[in-house]
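Sequential numbering from 1 along the given sequence is applied to the chain's residues. The figures that follow rest on heavy atoms only: side chains count, while hydrogens, waters and symmetry mates do not. Counting convention: from 1, in listed order, for ligands and their atoms alike.
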Amino acid sequence: MESISKGLENVNIKWTRLTTIDGQKGILWYMGYRIEDIINAKASAEEIQYLFIYGQLPTKQQLDDFKKKIQEGYNIPDYSVKSITNLPRSADSVALQMNAMASFAATEKFTWNKQTDRDYAARIIGQMASVTSVAIRHVLGKQPKLLEPSDSLAKSFLKAVFDREPSEKEVEAMNDALILYLDHEVPASTTAGLVVVSALADIYSGIVGALAALKGPLHGGAAEAAAMQFLEIGDPSKVESWFAENIKSGKKRLMGFGHRVYKTYDPRAKIFKKLAQELNPQGQAKTLYEIAEKLETLGINEFGPKGIYPNTDFYSGIVYMSLGFPLQNNIYTALFALSRVTGWMAHFLEYVEEQHRLIRPRAVYVGPSERPFLPIDKR
Ligand code: SDX
């Protein structure tokens, strides 16, 4: 049979200047900048969003103008708020984001245009932030609240969700989470979105497609699923027995572990782990952190020889929980999406504007050879 690359492993579907990964060494570069250098430089999420949308780091003036464009997106229309609040509070928050983005696909007159695409993308970052605030508040039983302009997206977002002034450390952690999840080359969600926009469907429809893929537990859904596993274990003293019964037995996968590209420790996981420590988790977050640390050691002992290590989703849930986001309704994956929407759009722009071709693969046929069609009374 002609060869099929299962899961499109090692298949290149585009060229990119945006992000590249060394899976053996565990290195991630955003347009040539190492992720550790970006975080250590205390870059703002908006600077890196600008880098991905416009192709270079902004000057102070460019950054101020960009922030204003993002803030224009905060004020989302009532119909997009209702596309969330009309659903039950038990809804999955990523599906709520999909609904709201679909409401924009239904109403915004978007066409691909090199002159306007980037301004549109900046506004969509703002729209996605208010959509995510409304979605999270909805599943937490709170009234809708849109973002208000402030000196940073991270601060405006935390204030909108929690109705309180966040601490500097909380803003810094939210800012860094927005950077860490911003892009990662062409994972399943980006690829799904690329297929959609390759047909020249609008940018919002591309984001809906990407959200649908991200929602799965093998991809972005692992951010929530990893924390759910820590919750299921419940106490650090139970880690060994749970691991033997569920993971060593092969009954379950260790969520937040393993990666198609990284065959060593995901550099983002190291940074998320450090962020979790710096937030000095208390209560449930503290217990889950202690469980996660023990699970990490067992997981690396068991799977390290097979190149299976913690990925970005292993500790991110602890950071989100320490920021006050409860573990429910796939909120952690919705926070992943809030960050990744910039990476998705940057890849869409790069593809549609510079290397566009409808994505249409083939399938190897293994069905019946030609045969006569018999009428029903002859069958
Ligand atoms: C993200 O692609 C990206 O860049 C994604 C991402 C991004 O930023 O966009 O990095 C974000 O999605 C990170 C991954 C989050 N997913 C999880 O944590 C879910 C758990 N991990 C896996 O299911 C798995 O590791 C994948 C899906 C992430 C990658 O798996 P592959 O490359 O498809 O490998 P595979 O499923 O074919 O597994 C190969 C072997 C299997 O064993 P055998 O059947 O060969 O004996 O490794 C085993 C698997 O059983 N394995 C695991 C495992 N991951 C792989 N066994 C236990 N626990 C795991 N986590």
Side-chain angles (χ1 to χ4, degrees), residues 4-14 16 18-24 26-30 35 48 52 94 177-194 207 209-230 242-272 292 295-296 298-318 330 332-344 346-347:
I4 294 171
S5 165
K6 282 182 75 181
L8 295 187
E9 185 152 21
N10 294 329
V11 168
N12 298 314
I13 60 161
K14 74 186 286 254
T16 185
L18 300 171
T19 296
T20 195
I21 304 155
D22 182 324
Q24 297 308 321
I27 305 174
L28 168 60
W29 292 273
Y30 281 173
I35 192 71
I48 309 305
F52 272 78
V94 177
L178 284 170
I179 293 174
L180 288 166
Y181 269 128
L182 193 140
D183 189 53
H184 207 240
E185 200 206 58
V186 283
S189 53
T190 313
T191 302
L194 282 168
I207 293 168
L211 282 165
L214 187 80
K215 189 166 168 289
L218 292 190
H219 186 10
E224 182 103 344
M228 289 303 274
Q229 281 192 331
F230 307 151
W242 181 87
F243 190 83
E245 199 200 315
N246 292 282
I247 306 297
K248 274 181 92 71
S249 65
K251 230 191 307 180
K252 289 183 179 176
R253 285 204 166 190
L254 185 53
M255 303 312 274
F257 254 69
H259 200 277
R260 177 63 59 80
V261 180
Y262 290 120
K263 299 309 167 195
T264 184
Y265 214 110
D266 183 331
R268 300 167 296 174
K270 288 182 187 163
I271 300 169
F272 265 122
L295 203 51
E296 174 188 341
L298 288 177
I300 292 176
N301 290 341
E302 178 76 19
F303 297 115
K306 285 171 80 175
I308 297 169
Y309 284 83
N311 62 52
T312 188
D313 296 329
F314 194 71
Y315 282 104
S316 58
I318 312 271
N330 219 4
Y332 297 174
T333 308
L335 292 168
F336 182 149
L338 169 59
S339 169
R340 185 57 58 88
V341 71
T342 299
W344 291 332
H347 279 284

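At under 3.5 Å, not a single nitrogen or oxygen of Phe303, backbone or side chain, sits near a nitrogen or oxygen of ligand 1. Taking any N or O of Phe336, backbone or side chain, none lies under 3.5 Å from an N or O belonging to ligand 1. Residue Lys252 places no N or O, backbone or side chain, under 3.5 Å from any N or O of ligand 1. Checking only distances, Glu9 never comes within under 3.5 Å of ligand 1, N or O to N or O. Residue Ala222 has no nitrogen or oxygen atom sitting less than 3.5 Å from a nitrogen or oxygen atom of ligand 1, judged on distance alone. Here's the thing with Met255: none of its N/O atoms is less than 3.5 angstrom from an N/O atom of ligand 1.
Aromatic rings of Tyr309 and Phe257 (six-membered ring for Trp) have centroids beyond the 6.0 Å cut-off, not under it. Taking the centre of each ring, Tyr315 and Phe230 stay at or above the 6.0 Å mark. Annotation: Phe336 is not in aromatic contact with His184 [ring centroid separation under 6.0 Å not met].
At a heavy-atom cutoff of 4.0 Å, ligand 1 is contacted by no atom of Tyr181, backbone or side chain. For His259, heavy-atom contacts with ligand 1 shorter than 4.0 Å involve the backbone as well as the side chain.
One option in Leu182, Asp313, Thr333 has a heavy atom closer to atom 15 (C) of ligand 1 than any other, and that option is Asp313. Taking only non-hydrogen atoms, the option from Asn311, Ile308, Ile247 nearest to atom 51 (N) of ligand 1 is Ile308. The closest non-hydrogen atom to atom 36 (O) of ligand 1, taken over Lys263, Arg340, Arg253, comes from Arg253.
A distance-only check finds no donor-acceptor pair linking the side chain of Ser189 to the backbone of Leu214 [under 3.5 Å]. Proximity of a side-chain donor or acceptor of Arg260 to a complementary backbone N or O of Asn10 within less than 3.5 Å is not detected. In this structure a side-chain-to-backbone donor-acceptor pair under 3.5 Å is present from Tyr30 to Ile179.
Proximity to Lys306 (heavy-atom distance under 4.0 Å) selects the following atoms of ligand 1: 42 (O), 46 (O).
Distances from ligand 1 to the non-hydrogen atoms of Arg268 include at least one value under 4.0 Å. Contact annotation: Gly7 has no heavy atom less than 4.0 Å from any atom of ligand 1.
Scored by the salt bridge (Lys or Arg N to Asp or Glu O under 4.0 Å) test, Arg268 finds Asp266 as partners (sequence neighbours excluded).
Between Glu185 and Ile21 the shortest heavy-atom distance is CB-CD1, 4.0 Å.
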